[in-house]
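The structure appears below as structure tokens.
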Protein chains: 2
Amino acid sequence: MIKNKKNYHHGDLREQLLEAVRQLIESHGPDGFSIAEACRAAGVSTAAPYRHFRDREDILKGVILSAMTRMGSAMQEAADAHPPGNPERIVALGHAYVGFARREPGVFALMFGQAGQHSDDPQLAEEGEGKFAIVLRVVADHLGRAMDDPEVTARAYALWCAVHGHCFLVLDGKTDETKIDIDEDAYLRLVGSAFLPPR
Amino acid sequence: MIKNKKNYHHGDLREQLLEAVRQLIESHGPDGFSIAEACRAAGVSTAAPYRHFRDREDILKGVILSAMTRMGSAMQEAADAHPPGNPERIVALGHAYVGFARREPGVFALMFGQAGQHSDDPQLAEEGEGKFAIVLRVVADHLGRAMDDPEVTARAYALWCAVHGHCFLVLDGKTDETKIDIDEDAYLRLVGSAFLPPR
DNA sequence: AAATAAAGTTAGCGCCGCTAACTTGAATCG
DNA sequence: CGATTCAAGTTAGCGGCGCTAACTTTATTT
């Protein structure tokens with residue numbers, strides 16, 4: 001009994017709703033969407049989503065989860081583009097992180113901007129730790145130490161903070177034109193060398 | 001004709017509503033509040049707020065604005081606690097910033113977590129630039145350079161990012177117990193010395 | 001004291017999240 | 001293969017919310 005959802009009434013409504021919500025979030029902001037609007041986009045009644053999701057929160061969790069894996073893949077890919085120990089690896093990782101935030105600003109804000117609203121979900125927590133593990137790996141390789149070395153943890157965390165904070169400031173428009181004007185590549189190289197001296 | 005709002009029907013409903021909303025945001029999250037609930041808390045009808053605010057967004061703007069000045073004061077106070085050039089100044093500034101985020105996590109998320117939803121408001125933008133100016137001032141003093149020196153801008157921005165990002169990770173619960181476990185003071189000293197070497 | 005204007009009220013519209021009860025149709029099975 | 005089952009749709013409706021219109025109350029102005 002393999003459930004092939006394409007053979008049911010609508011097709012894969014679940015995925016289509018997630019995609020519709022994702023698009024609405026990108027065009028109207030993280031809270032500027034409604035389930036009803038997503039239903040209209042998917043061409044179903046407003047009661048249909050509740051066959052696939054518990055409630056609104058559950059839908060958002062679905063959107064976040066798929067975004068997490070997309071972001072994780074982008075980061076892993078960036079890390080794999082350079083050999084371990086190469087400083088370019090850290091820069092590339094930063095670009096991947098910021099790139100995702102720029103590409104999907106609404107979803108990025110949803111993932112991280114809600115004051116830990118979803119931090120209690122084990123599935124999301126696991127995905128999050130997976131992404132930090134990529135940073136840990138790269139930093140550990142760079143320093144030639146173990147991933148659980150306190151020095152590695154501290155520097156990886158600092159790197160994460162610096163890039164993460166930059167993303168929010170970018171999305172908030174603080175870096176636009178007249179305001180601060182930051183060269184992103186230069187910034188990422190600065191934080192990379194600040195926390196991981198070539199030595 | 002001095003408008004003393006205390007002499008009207010309710011008193012200063014405007015301020016009481018802002019306070020009620022602030023508390024609701026802290027207890028139920030940035031989007032977990034409703035105007036109706038704030039009205040109940042203030043003991044007025046649900047139509048009353050519209051004598052003082054254009055709409056929901058305008059109320060939020062009011063909450064954010066008062067929070068901005070509170071945060072700015074805390075930062076200024078921290079900076080003033082140490083003489084210019086003293087590295088403790090930067091650490092204190094960081095503690096003030098993170099302290100505010102910890103004290104008012106909901107409002108902090110509201111201020112910065114909405115993907116630049118309020119970045120187009122000139123009043124808010126001005127307050128935001130004022131806070132960055134404090135950081136610029138401290139960094140310029142430390143390096144003995146002008147506030148508009150590119151080196152100062154770059155390092156001040158990096159500091160801001162590192163602290164800002166840390167706040168979000170804290171609020172998202174990434175630093176809790178089993179997860180990452182960061183010594184905040186050590187972290188702030190690390191980023192301080194990383195971007196502002198004693199030289 | 002009357003007029004004015006500020007700041008409340010009630011009533012109500014339309015949208016939304018969500019549920020209950022019903023219907024449809026694909027997969028399973030005697 | 002026809003009957004059965006059950007996943008996945010539907011419509012109808014409740015209560016809450018944001019917001020507006022129209023009315024009422026009360027402080028200030030003249």
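Just so we're clear, the structure is a prediction, and the values are computed from it rather than from any experiment. Every chain is numbered from 1, with letters handed out A, B, ... down the list of sequences.
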Select base, sugar-phosphate, or nothing to describe what B:S45 touches, counting heavy atoms under 4.0 Å on all strands. base
Between A:D31 (CG) and D:dG18 (P), how many Å, whole number? 13 Å
Counting only side-chain heavy atoms from C-beta out, which of C:dA7, D:dT20, C:dC18 sits nearest to B:H52? C:dA7
Taking all atoms of both residues into account, what is the closest heavy-atom pair of B:H142 and B:G85, and its distance? ND1-O, 3.4 Å
Whichever of A:A48 and B:A47 has the more 5' nearest nucleotide on DNA chain D, that residue is A:A48
d(CD1, A:I59; P, C:dG17) in whole Å: 8 Å
Rounded off to whole Å, could you give me the CG-to-P distance for the B:L60 and D:dG18 pair? 10 Å
A:F53 has an atom CZ; how far is it from atom P of D:dA8, in whole Å? 12 Å
Tell me the interatomic distance from B:F33, atom CZ, to D:dG18, atom C1', rounded to whole angstroms. 11 Å
Between OH of A:Y50 and P of C:dC18 the distance, given in whole Å, is 4 Å
Return the nearest nucleotide to the side chain of A:L13; candidates are D:dG18, D:dA21, D:dG9. D:dG9
Spacing between A:L24 atom CG and C:dG17 atom C1', to the nearest angstrom: 16 Å
Kindly compute the distance separating NE2 (A:H52) from CD1 (A:I59), expressed to the nearest 0.5 Å. 10.5 Å
Atom-pair distance (NE2 on A:H28; C1' on C:dC16), nearest Å: 16 Å
Does the distance from a Lys or Arg side-chain N to an Asp or Glu carboxylate O, for A:R103 and A:E26, drop under 4.0 Å? no
If you check the A:A36 side chain, which of C:dG17, D:dC19, C:dT9 turns out closest? C:dG17
Please check: side-chain N/O of B:N86 versus main-chain N/O of B:E88, any donor-acceptor pairing under 3.5 Å? yes
Phosphate OP1/OP2 of D:dC17 contacted by B:R40 side-chain N/O (<4.0 Å): yes
For B:Y97 and B:H166, I'd like to know if the aromatic rings sit close, meaning centre-to-centre distance below 6.0 Å. no
Using heavy atoms to find the nearest nucleotide of DNA chain D for B:R51 and B:R56 separately, return the residue whose nucleotide is more 5′. B:R56
